[in-house]
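Quick notes on the structure that follows.
Since this is a predicted model, take the numbers as computed values, not measurements.
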Amino acid sequence: MSHTDRVVVLVDMDCFYCQVEENLDPQLKGKPLAVVQYNTWRGGGIIAVNYLAREQGVTRHMRGDEAKRKCPQIELVHVPSVRGKADLTKYRDAGKLVASVLQKFTPLLERASVDEAYLDITDAVAVRSNFAKSEIQLSQVINTHVVGCETLEFLYSLYNFGLCDEANLKLAYGAVIAEEIRAAVFRETGYTCSAGIAHNKILAKLAAGLNKPNRQTLLPQDGVESLYKDLPVRKIRSLGGKFGDSLSEDLGITTMAELERFSHKDLRKRYDDKTASWLYNIARGIDLEPVTIRLVSKSIGCAKTFPGRNALIKPESLRHWLGELSAELVERLEKDLEENNRRAKQMTVGFTHDDISASRVHGLSSYDAKKIADDCYALVQKHCVKADGTFCVTNLSINAGKFEDCRNVTAITSFFKSKTVETSDYSDETIDLNEDTSKLSFYKEADASNDSITTEIRTLEEDEAKGSFFLQYFEDMKNSKKRESPVLRDFDTSRNLEDDDAPSTSNGTEICDECNRKVSIAEMTSHKDHHLALQIAKEEKLARLPTITIKGKENAKSKKRKSSDAGTLTKFLQSAAILPEDESEVCPQCQKRIGRNDLAAHLDYHLARELHREINQIKSCSSETAQRSSKKTKTTKAATKNTRSVISFFKPN
DNA sequence: CATTCAATAGTT
DNA sequence: AACTATTGA
């Protein structure tokens, strides 16, 4: 029961609105592009920029005109204007399509915005690792970056020298599944996305932003320290605004590493218990907030600003715009009723007048645009009209919420009560019955039948088209001899506080000069062996890469030799560190002192590292062709030549 | 005169 | 219920 038990993925669509436009009009692909709303004032406001345009320095916040100046070739797509205001329907619909794909991988899906969602794939990972027949291969995580080390090094560490903990293995399977998720999203929607894989939501979100676009990032718990070293506090979700600024100012800090120096007690002096605990945990990469099932929004609203001279001062214009807003609102509410079988019971009308914002709540008995507009008009007028009878409104919004389910929900409710505990590990998760659980293929299937879950499994098995996670899940469950009882996860935020007085670096450890990680002194020898053996693994992986031709004759032997030779090689390297100056030279790559006779081989080691990095980059950009192919050829040659030297480096003469 | 619009969560 | 803060495209 620890904070590293879960596997959380944050899927974030790349410049989503731009991708939606590119797919609707494929001619736009390959061109710098921005999406703008309204073109009346300085070319409209930019709300999304694709990566080609970002390369040219185009950013959000810019006006369309400014973007044109920066990047004359840029294509500007305008958000359609309906009833005088921006209509974001197509992006909302595209977001729903993506969510429907994500849903196939776990019911524990939380839509965080139109283009972002959290997935708790802990159970899918458990299934994978329980039934895995072989080690995870690099090819399964070819688009994955790992914070703190090379992906290959991370994979290797999972299976050797006992350095791996269960937690990192889970994340590795999480990355494999995340690759599959992103591939499915692309296959079924044509959109690319980035993802973060970590033990919690905060870290998953942070990780997802590290390698964009169309890449994913695994953030191991032991990668947090290096990442936090220079990470500005504002990069953490919810610390990007005023609170983060005041935090930085109050504590006199800039980075997360600096925040970690504050004890819980120190934080408690300035913040309430909840905030202090949250900060304390987050500074250590701990976040216990659960992924909650949420597929639909809790409110639906629309708004419009009337800046400067557009301010509303006449009753007719006020009534007009409330009419437009309520028309849009009703349209969306009716669509929502169709899709989600629910009705909003309350509305809130918001308004800004003379720089003062206010809002009023009102019952919502029917989806009647005229009645809503009239009700809103009365409320706004009552509040905004001054003593002299004039008013000046610069912003209007209408929001609908307090949804109630229309459908007979008892069948589903009773299903959860009777079946959830025995079949699922989600019993501790909040399940909002306002959600349209019938959309979950699993629940729908189960609900449609009164038979037991086992019967249901057979139905699913017979239906190949239902290629969901659950098919595999139940398949594995059924074949499993022993099944662990459901585990209750602990999200109590008051727990998991480490002892304030404990030293941040425990005794008996040293920093490995290869990887800068803390390693216990007792384990240092085998840890060093790990780095050496890693090189052998790299040779093997290099040899296996399909686009690279390397003589593989030494593979089998080098693997066999691994255990027997690693120790001697360790001694070789360690002795190199204390060589006298006249018999050695300082390596220009790593500044280590290397015996003169071994310098050539040592340089090959660095070359192999570099090659691996290059090859990784080529592999991960497989869509590009022309420009890359020349580089690829060059690299292939170099790999053939140099890797053999690396092999010989490990071969006893 | 100018991001604009949308959605959520927390506080009082 | 009203208001504020935050995030994100």
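OP1 or OP2 of C:dA2 sits under 4.0 Å from a side-chain N or O of A:Arg360. A sub-4.0 Å separation between OP1 or OP2 of C:dA1 and a side-chain N or O of A:Gln346 is present. Distances shown here put a side-chain N or O of A:Arg294 below 4.0 Å from the OP1 or OP2 atom of B:dA9. Using a 4.0 Å cut-off, some side-chain N or O of A:Lys298 falls inside it from OP1 or OP2 of B:dA9. Between A:Lys85 and the phosphate of B:dT3, there is no side-chain N or O to OP1/OP2 separation shorter than 4.0 Å. Put simply, A:Arg92 has a side-chain N or O that comes within less than 4.0 Å of OP1 or OP2 on B:dA7. OP1 or OP2 of B:dA7 has at least one side-chain nitrogen or oxygen of A:Arg332 nearer than 4.0 Å. Phosphate proximity of B:dC5 to A:Lys304: present, with a side-chain N or O under 4.0 Å from OP1 or OP2. Under 4.0 angstrom from either OP1 or OP2 of C:dA9 there lies no side-chain N or O belonging to A:Ser113.
Side-chain atoms of A:Thr144 and A:Gln216 form a donor-acceptor pair, as typed in the model, at a separation below 3.5 Å.
Ionic pairing of A:Arg237 and A:Glu289 is present here: one or more N-O contacts between side-chain nitrogen and carboxylate oxygen are shorter than 4.0 angstrom.
A 6.0 Å sphere centred on NZ of A:Lys345 holds more than 12 heavy atoms belonging to other residues, nucleotides or ligands.
With centroids closer than 5.5 Å and planes inclined by less than 30 degrees as the test, A:Trp41 and the base of B:dA2 pass as a stacked pair.
Across B:dA2 and C:dG8, the matching P atoms stand 25 Å from one another, rounded to whole Å.
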